[in-house]
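All remarks here apply to the structure that follows.
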Amino acid sequence: SLRALYLSSTKVFGDIGCLGKLTSLHILDLRSTKVSGDIWGLVGLTSLRALYLSSTKVSGDIGGLGGLTRLDRLYLSSTKVSGDIGGLGGLTRLDWLDLSSTKVS
């Protein structure tokens with residue numbers, strides 16, 4: 001089963017919701033691509049340890065990622081993600097968090 005998907009700086013596009021069934025993924029790197037869609041489409045990826053979505057068109061309430069409790073790296077800078085950072089309170093393993101240039105408060 002697929003554990004890591006690195007597509008950063010490629011011409012890949014589409015809705016990230018189509019990746020929601022890749023439940024064994026540990027690393028998802030889509031930085032600087034044209035992917036879009038609501039981050040709630042990723043709530044089933046409970047094995048994720050690193051999520052890189054910076055400089056994409058993804059959107060939605062950041063609370064949708066609150067159940068991804070294995071995350072230790074979360075990069076969402078320069079996305080359309082919004083909401084209350086308190087929604088990430090359960091992510092106790094986070095070592096790296098980048099929410100710059102988002103509407104998260």
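- In terms of modelled atom types and a separation under 3.5 Å, the side chain of W40 and the main chain of D61 share a donor-acceptor contact.
- A distance of 6.0 Å separates CZ in R70 from CZ in R49, rounded to the nearest 0.5 Å.
- From T69, atom OG1 reaches atom CZ of R93 across 6.5 Å, with rounding to the nearest 0.5 Å.
- Within the model, atoms OG of S8 and CG of L30 stand 8.5 Å from one another, a figure rounded to the nearest 0.5 Å.
- Sorted by first and then second residue, the ring pair (Phe, Tyr, Trp, His ring centres under 6.0 Å) pairs involving residues 72-105 (not counting sequence neighbours) are Y52-Y75.
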Step by step, work out the side chain to side chain contact (heavy atoms under 4.5 Å, CB included) result for S32 and S55. CA-CA 5 Å; S32 301; S55 300; 3.9 Å; yes

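- The OG atom of S36 sits 5.5 Å away from the CG atom of D15 when rounded to the nearest 0.5 Å.
- Transitive grouping of hydrophobic side chains (ILVMFWY, heavy atoms separated by less than 4.5 Å) brings L91 and L99 into a common cluster.
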For L88 and L97: C-alpha separation, side-chain torsions, deciding distance, then whether side chain to side chain contact (heavy atoms under 4.5 Å, CB included) applies. CA-CA 10 Å; L88 300 180; L97 176 62; 4.2 Å; yes

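- Cluster annotation: I27 is not connected to V43 through the hydrophobic network of ILVMFWY side chains, with a link wherever side-chain heavy atoms come within less than 4.5 Å.
- Each of L19 and F13 belongs to its own hydrophobic cluster when Ile, Leu, Val, Met, Phe, Trp and Tyr are linked at side-chain heavy-atom distances under 4.5 angstrom.
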CA sep, side-chain torsions, deciding dist, call: D29, L5, side chain to side chain contact (heavy atoms under 4.5 Å, CB included): CA-CA 6 Å; D29 186 351; L5 183 59; over 6 Å; no

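- Clustering ILVMFWY residues whenever any of their side-chain heavy atoms sit less than 4.5 angstrom apart, transitively, puts L42 in the very cluster that holds L94.
- Here the options are I16, V58, T56, L53, the test is side chain to side chain contact (heavy atoms under 4.5 Å, CB included), and the partner is T33; only T56 passes.
- Taken from NZ in K57 to NZ in K34, the straight-line distance is 6.5 Å, to the nearest 0.5 Å.
- S24 and L2 make their closest contact through OG-O, 2.9 Å (heavy atoms, listed as atom of the first residue, atom of the second, distance).
- Side-chain heavy atoms closer than 4.5 Å link hydrophobic residues (I, L, V, M, F, W, Y) into clusters, and following such links, possibly through other members, connects V12 to L28.
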